[in-house]
Amino acid sequence: MTRKQWLLSGCVAFTTLISTAAVAGPIENYSPVTQARLENPEPGNWMLYRRTYDGQGYSPLQQIHTQNVKSLMPVWTFSTGVIEGHEAPPIVNNGVMFVTTPMGQVIALDAKSGEEYWRYKRSLPEDLFQLHPTNRGVGLWQDKLYLATTDDHLVALDAKTGKVVWDTKVQDYKKGQYLTLMPLVVDGKVIVGGSGGEFGVRGYIAAYDANSGKELWRTFTIPGPGEPSHDTWTGDDWKTGGGSAWMTGNYDKDTKTIYWGVGNAAPWPGDAHPGDNLYTTSVLGLDPETGKIKAHFQYHQNDSWDWDEVEAPMLVDLQRDGRSVKSLIHPGRNAIFWILERKPDKISYVAGWPYVYTDVWKGIEPESGKPIVDPAHKPVVGKRVEFCPSLWGGKDWPSAAYSQKTKYVYVPAMENTCGGFSGEKVALVPGQLWLGTKPEDIGLTIRPGGKHIGELQAWDPATGKKVWSHTFPKSQLFGSVLATAGDLVFVGGTNDRYFRAFDAKGGELLWEQKTNSGIMGMPVSYEVDGTQYIAIQSGWGVDAQRIQDALATQNVGVENNVPQGGVVWVFAVKK
Amino acid sequence: MLCPNQTRRSLLLTTLAAGAFLAANRFAAAQEDQPGSSDRPKKGDLLVVSEGERAGDVIKPDDLKLGDPPLHAWPKDPETSVVRNGSRLNEILIIRLDLAELDEETRSRSAEGIVAYSAICTHAGCSVTGWLKSETGDKDVLKCFCHNSEFDPRERAEVVFGPAPRRLPALPLAIADGSLTITATFVGKVGAQQPG
């Protein structure tokens, strides 16, 4: 056989394999996504960031439950071929799964078999500065998907083919503006919030027409001259004051209000931007039609700790103190577990308590809900200040979950951490980090006597009591939580690469699976052809890695060996 | 002023604080619209200070002292006088090292112990700004604070810690007419490498 003949034979064999094994290509019978479906999703689907507009992260599926979870087995896996932090929930619409990865990739998969339909790869600019190389998922509307990219574009893809339908520039990545969140889609509007609090941006939330990509409105999270609350800023600080809005909002369909979390003030030391600094470290209630701010609540004033409060609060109908409360529940990065009451034009304080150790707050003013700060632990320019918890907070962006069965809130907390930095006044250079301290000066330590770091907590928001907790002595807990009607709580988030299931009522560890990498993503549950699945992306990176690097220097027995590389894992109970 | 009891840490912070102040002027002289300002450095280019009061000054060997942190620089076309600061991919780190500590390949690209590397991290494209003791050894190394990657400039700027997949591209140097001169294009691809 000549070399040419051999090559031809090989090509024929390869072609045959392709034609019989692969399902790559357009998705047939794709189910269009409507407002009615988003407001009342089928139990077997996961089409929003937290499955439902209330942000609870709860699945009503119960085929997998406390009695059979020990038989949970991997049914397929899929390697994304990408390193860094895989933070996105696998989004599922009637048997089709969409996962996003760092570096702006979207992969469409058969949710039952794991076969790939198509893959979109964003061509990112060569000079892009990716402080947070990650992505948190695609939004869905009709037959399109919406991807927010780190080069600050919003891209609409054809859900069936992965082809670009439109591509709109949101802001200029060269000025430190970028996007990592999963867009929120409400009534044909694709809503995003910008990242860049570390670069001295002025944060914003903006809406785009789902069909055309045209910008419909943009609301800055820091009010300009003449707007309400502008007087909470001094001089020109408002122009560069941060307030990024880099996590997906939630939505109250009854009052037509979106609730969106707002990030830290910039730069970090509080005396570098005197004033309360609205609406940084706040939750905003906005009209999705116009972007008008209808209500707000600020979790703490004059942020000085890099405590982004970007995770949107969960909407929970709560029975508390003998009355029904349409609540907003938010375990804050500032260590306070918040219960607020939402009304159409107002957000009111109901209760708050520390859910991890903190030395920053002396208490909370009972009427206003303003925390009372201890100045000894508030960073300023010109000296080093220590504070607890660390700048990653009691809980960073990974989401808590609420079970409609147990009525508990499950928090992926970080306990016993402290931090500090030396504040300094630095001139802003567009596109360069602007922290108000040196990166190498940022501390992360374990509090003396602290016996653990990560802690999965179950709280009863009706009483304010901690019902149970599971502690991790040698690891942070940096992953979102899923609660299911099978009375299970799923979470990854630890540096030992495990994915775990707990009894939602009592906290007993019922199942665990070691995965390829560390899990910092969000577990989901879905159903195809009568089988319930649990899905998660395992892929360590970004801040989970940063914390890991810092812990490894603390001589507390934490090994810094968590391999990177993303894999989608899908599990079902062996029948 | 260097006080007798000043610790290495406080000295480092002081140095970096000054660097950060100076960084404010880094892009003050940007010439994005000039032809060639975004081109990668070429053989024969000079190097100019990229930040601070001396921004734009041609760098001479005596500007770099053994033990000092890296100097940030742009390439400059000597014929057109265009400074190639139209792309951050042209940011360069220059440092003088002990010639005896350089490996053979690094020494071959150096000029009197002065070496130059891309300032763009190969992991996620952040700017490499740190010069401090390594997580894994006693020597000072180049560090990217985005994701903690470290590079040893004595050994081809190989990765010694962190997620960066490959070394920083090197820029071969020589001394001509009393100034540092680039003798070849970057050795290696500049910037982060996109997967897939």
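The sequence lines fix the lettering, A, B, ..., with proteins before strands; numbering per chain opens at 1.
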Checking heavy atoms, do the side chain of [X], its backbone, both or neither come under 4.5 Å from chain B?
X        : value
A:Thr553 : side chain
A:Asp543 : neither
A:Glu126 : both

>> Looking at B:Lys42, I want to see if its NZ is surrounded by more than 12 non-hydrogen atoms of other residues, nucleotides or ligands under 6.0 Å.
In response: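 Yes.
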
Exercise. Kindly check if the number of other-residue, nucleotide or ligand heavy atoms within 6.0 Å of NZ (A:Lys383) is above 12?
Key: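 For A:Lys383, atom NZ is not crowded (no more than 12 foreign heavy atoms under 6.0 Å).
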
Using 0.5 Å steps for rounding, measure from the [atom1] atom of [X] to the [atom2] atom of [Y].
X        : Y        : atom1 : atom2 : value
B:Phe145 : A:Ile442 : CZ    : CD1   : 9.0 Å
A:Arg546 : B:His147 : CZ    : NE2   : 4.5 Å
B:Arg88  : A:Leu128 : CZ    : CG    : 8.0 Å
A:Lys174 : B:Ser87  : NZ    : OG    : 7.0 Å
B:Ser127 : A:Gln432 : OG    : CD    : 4.5 Å
B:Thr129 : A:Lys438 : OG1   : NZ    : 7.5 Å

For a 4.5 angstrom cut-off between non-hydrogen side-chain atoms, does B:His123 reach A:Glu84?
yes

Residue pairs passing the salt bridge (Lys or Arg N to Asp or Glu O under 4.0 Å) test with at least one member in residues 157-186 of chain B, sequence neighbours excluded, are B:Arg156-B:Glu158

Handout entry: Least distance between heavy atoms, B:Cys146 atom then A:Phe129 atom
Key =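 For B:Cys146 and A:Phe129, the tightest heavy-atom pair comes out as SG-CE2, 3.4 Å.
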
Heavy-atom pairs under 4.5 Å with chain A - which of B:Gly191, B:Cys121, B:Cys126, B:Gly162 has more of them than the others?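 Sorted descending by pairs with chain A, the first entry is B:Cys126.
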
